Amino acid sequence: MNIKNLQLFLHLCDSKSFSKTAQKMHISPSALSRIIQRLEDDINQTLFVRDNRSVELTSAGRKLLPVASSIVTSWIELKAELKDETHLLQGKLKMFCSVTASYSHLPGILNEFRLTYPQIEIQLRTGDPAEAIDKVISGEVDIAIAAKPEIMPSKLTYIELDQVQMSVISPLIAPPAIQKYLTGDPDWQSLPFILPESGPARSRADKWFKTKKIQPSIYAQISGHEAIVSMVALGCGIGIAPDVVINNSPMSNKVQRLTHESIEPLSLGLCCKQSREKEPLLHALLQLF
Ligand SMILES: CC(=O)[C@](C)(O)C(=O)O
């Protein structure tokens, strides 16, 4: 017994004609006949008295009618209710992340979310991940993919998605002025550095300088990490950037990692205001993690 078969039974009670029900319910008369026969076998009773022109309910059929009707109605109501719960959630969700995170981490976050909540409009802004936390705090965006700062501001919810390694990179073909400081033991003090302007990635770079007792000469400070790779690829200096940015860069084949250097990784996660995490749209997104 399944719902579809009960619907066929109900239709047949109404039409009193196998051919009419078969036509309306898009099924062949013989298949309909088999289904009704199976229903009769299940219940161990004859449900219809058939003659050549029409069908009539037996008393067992008349008893099944209200039961079938209530099962089908409850089923339809339940389906509608469940559909409302997921599909009716609608509105705008403002998100912020770096261009790189939009390739590397956003699909994993949004694929299932979009299927479950097709009515929610995602307003995505991309930019320097160093600004992500401030944008959440100021309310400019509802949620961001952000690197976890050394000191996490209170009243923020942070769900870690990944650990992101950081690397020191040099141009694959370095101009002589840079190459001379790279040969043998690098002369860190003399090399021009291209660094993130601010944010957790910059803090990691500064920590690394401190451990190595380097006072860097800074050639350029970049907002957003993508252009660090471009500047290094162009031969402007050596850079420090998250691996995920280096790997996704169209210039990745023009730079190389200085593999002996180890920089503390970044923690990358979803961040929103704690006071807002129970709001329906944010809650719907956060509960996927
Ligand atoms: C911090 C962050 O969002 C990334 C993905 O690592 C980046 O874009 O640098």
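If you're wondering where the values come from, they're calculated on a predicted model, not measured in any experiment. One-based numbering, in listed order, for ligands and for the atoms of each.
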Trainee: Tell me whether Ser217 contacts the main-chain N or O of Leu191 through its side chain, where contact means a donor paired with an acceptor under 3.5 Å.
Mentor: yes
Trainee: In the protein, what heavy atom is nearest to atom 6 (O) of ligand 1, and what distance, to one decimal place, separates them?
Mentor: Val244 CG1, 3.6 Å
Trainee: What are the atoms of ligand 1, with element, lying closer than 4.0 Å to any heavy atom of Val245?
Mentor: 7 (C), 8 (O), 9 (O)
Trainee: What protein heavy atom is closest to atom 9 (O) of ligand 1, reported as residue, atom name and distance in Å?
Mentor: His225 ND1, 2.5 Å
Trainee: Applying side chain to side chain donor-acceptor pair (under 3.5 Å), run through Glu160 and Ser267 and close with a yes or a no.
Mentor: CA-CA 7 Å; Glu160 183 174 274; Ser267 161; 2.6 Å; yes
Trainee: Does a side-chain N-to-carboxylate-O contact under 4.0 Å join Glu150 and Lys207?
Mentor: yes
Trainee: Whether Glu197 and Arg202 form a salt bridge (side-chain N of Lys/Arg under 4.0 Å from carboxylate O of Asp/Glu) is what I want to check.
Mentor: no
Trainee: Taking atom CD of Gln179 as the centre, report whether more than 12 heavy atoms of other residues, nucleotides or ligands fall under 6.0 Å from it.
Mentor: yes
Trainee: For atom 1 (C) of ligand 1, what is the nearest protein heavy atom, given as residue, atom name and distance?
Mentor: Leu268 CD1, 3.6 Å
Trainee: Can you list the atoms of ligand 1 that are under 4.0 Å from a heavy atom of Thr100?
Mentor: 8 (O)
Trainee: For the residue pair Phe9 and Phe48, categorise the inter-ring angle as parallel (less than 30°), tilted (30 to 60°) or perpendicular (more than 60°).
Mentor: tilted
Trainee: Give the numbers and elements of all ligand 1 atoms closer than 4.0 Å to a heavy atom of Pro242.
Mentor: 6 (O), 9 (O)
Trainee: Considering only heavy atoms, which of Ser98, Pro265, Cys97 lies nearest to atom 5 (C) of ligand 1?
Mentor: Ser98
Trainee: Between Val99 and ligand 1, which part of the residue brings a heavy atom under 4.0 Å of the ligand: side chain, backbone, both or neither?
Mentor: neither
